[in-house]
Amino acid sequence: MTHHTAAHRTQAMNDCIDNCTQCHAICLETINYCLGKGGQHAAAEHVGLLATCADICATSADAMLRGAAIHTVICGACAEVCRQCATSCDSMGDDAEMKRCADICRRCADSCAAMAA
């Protein structure tokens with residue numbers, strides 16, 4: 001199915017594209033925050049997961065924007081990466097920036113899981 005504009009896509013897909021785009025941006029911003037903060041925030045595994053999450057979110061949004069039928073598979077992978085990223089951010093303790101990132105990752109995971117279904 002080809003979706004040339006937002007008007008030709010379902011509202012759920014448009015919302016998912018928005019969630020993916022926001023998650024991509026926030027994960028990139030959070031990498032900078034974590035590297036500046038240092039310690040466990042800057043651990044290679046955590047920063048790598050943030051980068052992977054940003055990448056898969058951008059790929060998911062792009063696939064949906066192109067109307068690629070394979071978007072369901074990509075969204076499924078995105079949902080899993082976003083869940084893992086949210087868990088990693090939550091593990092950083094009581095930190096407003098980490099909570100912000102975990103929240104958008106969970107929102108993106110939920111919408112991508114719905115697109116994958």
| message | Would you say that Leu65 contacts Arg9 through its side chain, given a criterion of any heavy-atom pair below 4.5 Å between the two side chains? | response | yes
| About how many Å separate NE2 of His71 and OG1 of Thr59, when rounded to the nearest 0.5 Å? | 14.0 Å
| said: Any heavy-atom pair between the side chains of Leu28 and Asn32 that's under 4.5 Å? | reply: no
| query | How long is the gap from SG on Cys85 to CD1 on Ile104, to the nearest 0.5 Å? | reply | 11.0 Å
| query | Taking the side chain as C-beta and beyond, is there a heavy-atom pair between Asp110 and Arg107 under 4.5 Å? | reply | no
| message | Set out, in order, the CA-CA distance, both residues' side-chain angles and the distance that settles salt bridge (Lys or Arg N to Asp or Glu O under 4.0 Å) for Arg100 and Asp103, then state yes or no. | response | CA-CA 5 Å; Arg100 173 179 170 239; Asp103 288 348; over 6 Å; no
| Does a side-chain heavy-atom distance below 4.5 Å link Cys101 with Cys27? | yes
| task | With rounding to the nearest 0.5 Å, note down the distance linking SG in Cys20 to CD1 in Ile74. | result | 10.0 Å
| remark: Closest non-hydrogen atoms of Asp90 and Ala102, given as atom of the first, atom of the second and distance, are OD1-CB, 3.3 Å
| If you measure from CG on Leu49 to SG on Cys89, what distance do you get to the nearest 0.5 Å? | 7.5 Å
| Does a donor on one side chain and an acceptor on the other come within less than 3.5 Å for Gln11 and Asp15? | yes
| Between atom CE of Met64 and atom CD1 of Ile70, what is the distance when rounded to the nearest 0.5 Å? | 13.5 Å
| remark: Heavy-atom closest pair (Cys53 atom, Val81 atom, distance to 0.1 Å) is CA-CG1, 3.6 Å
| remark: What one should report as the nearest heavy-atom pair of His24 and Ala58 is CD2-CB, 3.6 Å
| field | In one Ile/Leu/Val/Met/Phe/Trp/Tyr side-chain cluster, 4.5 Å: Ile31, Tyr33 | value | no
| field | Met115 CE to Ser60 OG distance, which is reported to the nearest 0.5 Å | value | 11.0 Å
Could you pull out every donor-acceptor pair under 3.5 Å between side chains of residues 34-48 and any protein atom, sequence neighbours left out?
| residue | atom | partner | partner atom | Å |
| --- | --- | --- | --- | --- |
| His41 | NE2 | Asp95 | OD2 | 3.1 |
| His46 | ND1 | Ser88 | OG | 2.6 |

